[in-house]
Amino acid sequence: MSDFQPIIGLEIHVQPKTISKMFCGCSASYFGKPANTQVCPVCLGLPGSLPVPNSLAIKQTIRLGLALGCEIAEHSKFDRKHYFYPDLPKGYQISQYDLPLCQKGEFEGVQVRRVHLEEDTGKLLHQGRDTLIDFNRCGVPLIEIVTEPDLYEAASVKKFLQKLRHLIRWIEVSEADMEKGSMRLEPNVSVKKIKNPASPAGRQRSKIKDPNQNSKIDQELPPYKVEIKNINSFRFVEKAINFEIQRQIEILKRDGMPIQETRGWVENKGITVSQRTKEEAHDYRYFPEPDIPPLEVNDSLIKKLKNELGELPKQAQARLIRECGLSSQETDLVSREKSIFEYFKRLLLEGVSAKEAARIVIHKPNLLESEPKVVASHLKAEKESTVVLGTEIAPIVEKVLQQNPKAAADFQGGKSGALQFLIGQVMKQTKGKTDPQLTSQLLKERLS
Amino acid sequence: MEISKLSLRQAIDGLVQKKFSAQELFDATLARIRKLNPKINAFITVVEKPSPSAGSGPLSGIPFSTKDIFITKGIRTTAASRVLENYLPEYDATVVAKIKEAGGVLIGKENCDAWGHGSSTENSDFGITKNPYDLERVAGGSSGGSAAALACDLTFLSIGEDTGGSIRLPASFCNVVGLKPTYGRISRYGSIAMASSLDCVGPMAKTVEDCEIVFNLIAGPDPYDATSLEKENPRQSKAKLQIGVPKEFFSSALDGEVLQSVKSALQKLQELPEIEGIDEVSLPHTEYGIATYYLIQTSEVSSNLARYDGIRYGLGREFFGDEAKRRIILGTFTLSAGYYEAYYKKAMRVRTLICRDFEEVFKKVDLLVAPVSATVAFKIGERSGDPLQMYLSDVLTVTANLAGIPALVLPCGFNQAGLPIGMQIMGPQFSEKTLLRVGKAYQGITDWHQRKPKLS
Amino acid sequence: MQTKKQRFAEEQVLHLAKLARLTLTDEEINRFQAQLSSILEYFEKLKELETSGVKETSQVTGLLNVIRADQADEACHLQRGGYYKTKAIFEEVSPTQK
């Protein structure tokens, strides 16, 4: 039982699937493109350029907020967030400050503080004494999700992220691929000393907080938090967080206090390193973006988007268990992608049983490319002509011969008609699901 | 008559009637620039070889110029700052594209206060623009080069930009016409941003009629500018208009001769059939205009100049001049944590009060007539030592920017020393047509606008 | 003799210059300190007005929801190719996630 309690909040960026960038008509698919080939005056921050927001990106942000149970703002706007960095051409990022599109949601027991929309920066490449900049990615829309510090261990973070990713892909907001950069994670990690580790509250903390439980957890947060950047794949999420937790515990054990800072995960060394030479709080000097009129989201749009979302994974999974009698493992597999779940439903509509449909979508993914109607009718035909295996026919043949000694003797005596009779008997026993030729062969062998 | 001395209207007619060719017109204008520009320094860049006319429209073959804050493809655009001294843009501002499409031929980029920061064109890194009526005096700012060029017939039309009076003040100092339209009426795409919520692109010309021709061509919403819009003005076809005279614009600080000229102008206006009468009105928050304006403007300036880091274009930030540095620091302060509420947010609220002043007044009257400046053109160096003194030059112009309303400036007299005096006619949002109508009528019964500086 | 209270202290001017990535000479710091102080003093005028309950005006157009459809725009495209270069950045890291 630990004296120390990790406290983790998450900042997740997701790139919504759009054709164009957030504020201009440049292509938003930058992955693998030659440097600075998808740029224009707006995303390069050239003098005189002006931003015009992408309506689909706004819609996707609201959809994601709705899926996370958020309240959608009636009045929202963009704000300028100022800081200097070579990958930020305007010297400010257009983001959202005090009136984000979505707030106060909840997902998998974790409270979602806000979901807002902003633009991405360019990419830096370090080459000796120079830093090279590629602005292809600059201006691509990013949806930022911020959670409350409701997670208490690295394993929970990974689970949460997996479910979040699954949801995001389910509602088709984004590919949410960490390796390709369409989903990025920045955990904020702190550790506090538990006052009474042996108490039920102390033991409680190692589980994901269940909002239904009446816990007496000490909500006071440590006076610092460490932001971790550069976790570029799911594989390293747990490792990076655990390293950081351990690093902070070591400091606390020595009666020290970890510094509030940003640290980078170094993959090949398995450690986090400080990314600031001296801590300087950023003064972002937020103010409302004067080049973009404010947004007003009306109720009817919210209703429409909510309806269009359809069934979310949680409800879909509950139904699979409840109505289809699938096991939780089968349920997870059937609902691993929305398209697969949809296919499953179509199979059911074609009269296929839930178990059979599950079997198909789990074990025969190549069939998913065929029309469900076709697959369904094949299944039916298969059932009707299922050949009883040779090994299964043998005992039936024995049985039939025992029950019909006269016919057996007749056949041995050269009466071919008797063979037909015996084949018929075997067919009767197997309800016609025997291959007549195989049966004939077996009988002949047996009686020779 | 020297063809470059024609008005835009006359030049268009002359070309159509084939009295002269487009080449002749360009050559004449260029020759005049070569002769007179060294004396007044109106241009930063002169385009010696005209690009072939992109389109053929109402401005076919007409040489035009813009304040050097407008992005012009392939032609150096400096904002009158060393930071961009060799900047060659790769696209055209929407306004420039529209004029080119109409057949206009770019002849030059005009001097201004660097980044638009100033009321005299003394803050340019490319030298001061001198007032053609008195070379020891300023041409006004920040669109000083545009006004001076028009006064000397070095261009037929210029596109200026007015954030706190930058079209109107130089127009009134140089005896030309300038229109600051309703905010959003003309696209800002391709105009180097100064203060985004205040910047207004506008035409400057020799006569109100000329101004109207250009305005009609360039006004209209632009998909590349999210703040651009067009709206109907319900009072557009009103036959009889009531003029309001805001008493706060006629304080004791007003120079006696300026007061006299504007009063005479009012009398003349009353003679016009479209004018019903004149009322005294009040805009009680006028005295807070400068503080409100400079607070909001410098905040937005500090943000808009953040992109100039020398990496993608231009030189580094060490090349900013004094005034730019001052405004950036001030704006950084007003937006910074702990001060935002007290300064920027407060100013945004006072802005609302100023907007309401105008809304109230326009319930009673259709137009406002007032002086543009408390004085005529001041001497070079007179106010440049004290930034605050220079800011106060804008006291009669800034509130129109805060409220986003249009204002037309046109000549209405001269003082004893022969220096021009201008007046401004303001109206509710989207009332440009009315302003232009009245302005044209006024120019029909006066001839101030036909006077030219001795220099030319 | 009491020195006139400056609204801007030297450290403040320096701090702001740093935030705004401007390098100032000593002479500039001195000069700006005085000039900016007097300007800021002038801004205090706004305190004379009671504005509680007054909404802020950040835009005068009254426009709302100005958005564009999600589609490509070839017209504004700039074909650059190659990298932009700047001196190597070692110290600070971008506040934005990479």
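Each chain gets a letter, A, B and so on, in the order the sequences are listed, and its residues count up from 1.
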Quick one: does [X]'s side chain get under 4.5 Å of [Y]'s, heavy atoms only?
X: B/Tyr224; Y: A/Ser49; value: no
X: B/Glu90; Y: A/Pro41; value: no
X: B/Tyr189; Y: A/Val42; value: yes

Could you look at [X] and say if it's the side chain, the backbone, both or neither that has a heavy atom under 4.5 Å from chain A?
X: B/Tyr308; result: side chain
X: B/Ala93; result: neither
X: B/Thr332; result: both
X: B/Tyr339; result: neither

[atom2] on [Y] to [atom1] on [X], rounded to 0.5 Å:
X: B/Ile311; Y: A/Ile133; atom1: CD1; atom2: CD1; value: 4.5 Å
X: B/Asp309; Y: A/Lys90; atom1: CG; atom2: NZ; value: 12.5 Å
X: A/Leu50; Y: B/Asp222; atom1: CG; atom2: CG; value: 8.5 Å

[X] versus [Y], closest heavy-atom pair with distance:
X: B/Arg307; Y: A/Leu46; result: NH1-O, 2.9 Å
X: A/Pro89; Y: B/Arg312; result: O-NH2, 2.7 Å
X: B/Ser336; Y: A/Asp283; result: CB-OD2, 3.1 Å
X: A/Val52; Y: B/Pro223; result: CG2-O, 3.4 Å
X: A/Pro51; Y: B/Ala226; result: O-CB, 3.9 Å
X: A/Gly48; Y: B/Tyr91; result: C-OH, 3.3 Å

Using a 6.0 Å cut-off, check whether atom [atom1] of [X] has over 12 heavy atoms from anything other than its own residue.
X: A/Glu308; atom1: CD; result: yes
X: A/Lys17; atom1: NZ; result: yes
X: A/Lys59; atom1: NZ; result: no
X: B/Glu318; atom1: CD; result: yes
X: A/Tyr97; atom1: OH; result: no
X: A/Lys303; atom1: NZ; result: no
X: A/Lys225; atom1: NZ; result: no

Whatever's closer than 4.5 Å to a heavy atom in chain B on A/Phe135 counts as side chain
Under 3.5 Å side-chain donor-acceptor pair for A/Arg285 and B/Tyr340:
no
Greatest number of non-hydrogen atom pairs under 4.5 angstrom with chain B, of A/Pro47, A/Pro290, A/Gly91, falls to A/Pro47
Expected contact set for residues 190-201 of chain B against chain A at heavy-atom separation under 4.5 Å reads B/Gly190, B/Ser191, B/Ile192, B/Ser196, B/Ser197
Within residues 291-305 of chain B, the residues sitting under 4.5 Å from chain A by heavy atom, in sequence order, are B/Glu300, B/Ser303, B/Asn304
inquiry  = Before we go on, tell me: are the rings of A/Phe287 and B/Tyr344 under 6.0 Å apart, centre to centre?
reply    = yes
